[in-house]
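Because the structure is predicted, anything quoted here is derived from the model rather than measured.
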Amino acid sequence: MVQLHVKRGDESQFLFNTIVDSPLETVIQQITSVYNGRLKVERICAEMAELADHGITLPGNMQGLTEDQIVDLKLVDEWEEKCVPSGGPVLRKDEIGRRNGQAPNDKMKEVLMKTVNEAKALISKKQAQTNVCVTMDMVKDALDQLRGAVMIVYPMGLPPHDPIRMEMEDREDLSGTQASLQVVPEAECQLWWAGKEMQRGKKLQDYIGKNEKTKIVVKIQKKGQGAPAREPLITEEQNKHMMMHYHRRQEELKKLDEADDDSHLDSDWSDRQALKRQFQGLTNIKWGPR
């Protein structure tokens, strides 16, 4: 199996296994699915942390309003009584007014956060450091775990406008958000290796040869963004170690310079002829008129 280390810019994303005979259309489609799937898991995890803290999302026309404004406008959240967390709600007000403040109790919150941490670990970028390849099955497993945790805490389901439910039903609208800049649509995805774009219509072996044990670093890029920047010759960690070594060496040289100081040779106690002159009565001789 050929191992591709997928990066976005200089940041490591995940490891991906394939074969040299794979068409690049297939490789790009699979890598894009895993890449965007990981982003979806991360977005859901972020929203579930908010869900655990402050309850379900308010309808769009109520978000950001104060309690007095909601009363004055006679707005009512019809989902508040329908979507009650298991074990009853706990009041935890959302200061930014995005969620209703009817949070799950501590036991249910623990269920949500434990699942969030497990899902994050499953698709983490750290998997590449342990030589574990992230697959689409692992992404789906993480999504299933998150979906199951939500069903346990909210057996009646979440409101249709809640971002978690929209993500799980593939109805999310990311337009105008920072998250939309991270997503790479399959049709716009390009893979770059060794400063060259790996063209659709060819096979992987057209670029890397027929050795199935090959390991390469590929960079995922949106169409039209041009070639990704080349990586620095040394990593940030290596640069850090080099600077530490340079500083230690400078300190060592400074101490050696201090130890090599010969100004003490001007002292009386270091004069080898002092004892001889003392016996001869030649000490404290002064020249000049008295």
Side-chain angles (χ1 to χ4, degrees), residues 1-8 11-19 22-23 25-53 56-57 83 85-87 104 107-160 162-174 177-180 182-187 189 191 204 215 217-220:
M1 298 290 285
V2 177
Q3 188 175 89
L4 308 182
H5 187 171
V6 181
K7 290 188 173 185
R8 182 81 189 271
E11 190 175 7
S12 175
Q13 299 295 322
F14 57 91
L15 299 181
F16 179 81
N17 280 342
T18 185
I19 57 176
S22 298
E25 289 91 342
T26 303
V27 175
I28 291 173
Q29 185 274 325
Q30 292 173 338
I31 288 179
T32 308
S33 296
V34 174
Y35 176 79
N36 291 331
R38 289 177 64 256
L39 293 178
K40 178 185 281 287
V41 172
E42 291 173 356
R43 292 195 300 269
I44 293 176
C45 286
E47 290 292 346
M48 282 182 64
E50 292 294 318
L51 177 69
D53 285 336
I56 62 174
T57 305
C83 304
S86 298
K107 185 177 180 181
M108 293 295 102
K109 179 179 179 179
E110 184 180 354
V111 171
L112 290 175
M113 295 311 300
K114 182 180 178 182
T115 307
V116 164
N117 292 333
E118 290 175 351
K120 283 183 176 180
L122 195 59
I123 53 91
S124 171
K125 295 175 183 178
K126 294 182 179 179
Q127 294 281 44
Q129 300 174 7
T130 56
N131 205 35
V132 175
C133 294
V134 177
T135 65
M136 198 59 205
D137 288 338
M138 293 169 68
V139 173
K140 290 179 180 177
D141 188 22
L143 290 172
D144 289 341
Q145 290 180 24
L146 295 172
R147 187 179 291 108
V150 172
M151 291 179 65
I152 291 172
V153 180
Y154 288 89
M156 300 302 292
L158 296 174
D162 194 283
I164 298 174
R165 178 171 172 180
M166 294 175 69
E167 288 277 6
M168 290 180 174
E169 295 177 355
D170 295 326
R171 296 187 293 109
E172 69 273 17
D173 182 13
L174 303 178
T177 65
Q178 184 66 26
S180 65
Q182 298 176 322
V183 175
V184 180
E186 181 187 335
C189 179
L191 286 185
L204 194 58
K215 294 182 180 181
V217 174
V218 297
K219 293 194 174 184
I220 189 171

Task: Which atom of Ala128 lies closest to which atom of His5, heavy atoms considered - done: CB-NE2, 4.3 Å
Open item on the list: Suppose we screen for salt bridge (charged side-chain N to carboxylate O under 4.0 Å, His left out). Which residues come up paired with Glu47, at least two apart in sequence or across chains?
Closed with: Arg98, Arg99
- [ ] Only one of Ile31, Ile123, Val132 passes side-chain contact (heavy atoms from CB on, under 4.5 Å) with Phe14; say which it is.
- [x] Ile31
Open item on the list: Quick one about Gln29 and Ser33 (side-chain donor to acceptor, distance below 3.5 Å, no hydrogens or angles considered), yes or no?
Closed with: yes
- [ ] For residues Leu158 and Cys83, determine if any side-chain heavy atom of one lies less than 4.5 Å from a side-chain heavy atom of the other.
- [x] no
Open item on the list: I want to check something: taking the side chain as every heavy atom from C-beta on, are Leu15 and Val6 in contact at a cut-off of under 4.5 Å?
Closed with: no
Open item on the list: Can you confirm whether Glu110 is buried at CD, in the sense that more than 12 heavy atoms of other residues, nucleotides or ligands lie under 6.0 Å from that atom?
Closed with: no
Open item on the list: Show the nearest heavy-atom pair for residues Leu122 and Ala142, with the distance to one decimal.
Closed with: CD2-N, 3.8 Å
Open item on the list: Can you tell me if Gln178 has over 12 outside heavy atoms packed within less than 6.0 Å of its CD?
Closed with: no
Task: Interatomic distance, Ser12 atom OG to Gln129 atom CD [nearest 0.5 angstrom] - done: 7.5 Å
TODO: Side-chain contact test, heavy atoms from C-beta onward, threshold under 4.5 Å: evaluate it for Lys219 versus Arg8 and give yes or no.
DONE: no
- [ ] Taking atom CE of Met136 as the centre, report whether more than 12 heavy atoms of other residues, nucleotides or ligands fall under 6.0 Å from it.
- [x] yes
Task: Side-chain heavy-atom pair Lys120, Cys45 within 4.5 angstrom cut-off - done: yes
Open item on the list: Testing the basics here: between Ser86 and Met108, what is the closest heavy-atom pair and its distance to 0.1 Å?
Closed with: O-CG, 3.2 Å
Task: With sequence neighbours excluded, residues passing side chain to side chain contact (heavy atoms under 4.5 Å, CB included) with Asp173 - done: Ser175
Task: Over all atoms of both residues, closest heavy-atom pair of Ile164 and Ile44 - done: CG2-CG2, 4.2 Å
Open item on the list: If you count every heavy atom of other residues, nucleotides or ligands that lies below 6.0 Å from Met1 atom CE, does the total exceed 12?
Closed with: yes
Open item on the list: So, taking the atom named CD1 in Ile56 and the one named CG in Leu51, what distance separates them when rounded to the nearest 0.5 Å?
Closed with: 8.5 Å
Open item on the list: A side-chain contact here means heavy atoms from C-beta on lying under 4.5 Å apart; do Asp170 and Lys40 qualify?
Closed with: yes
Open item on the list: With a 4.5 Å cut-off on side-chain heavy atoms, are Leu174 and Glu167 touching?
Closed with: yes
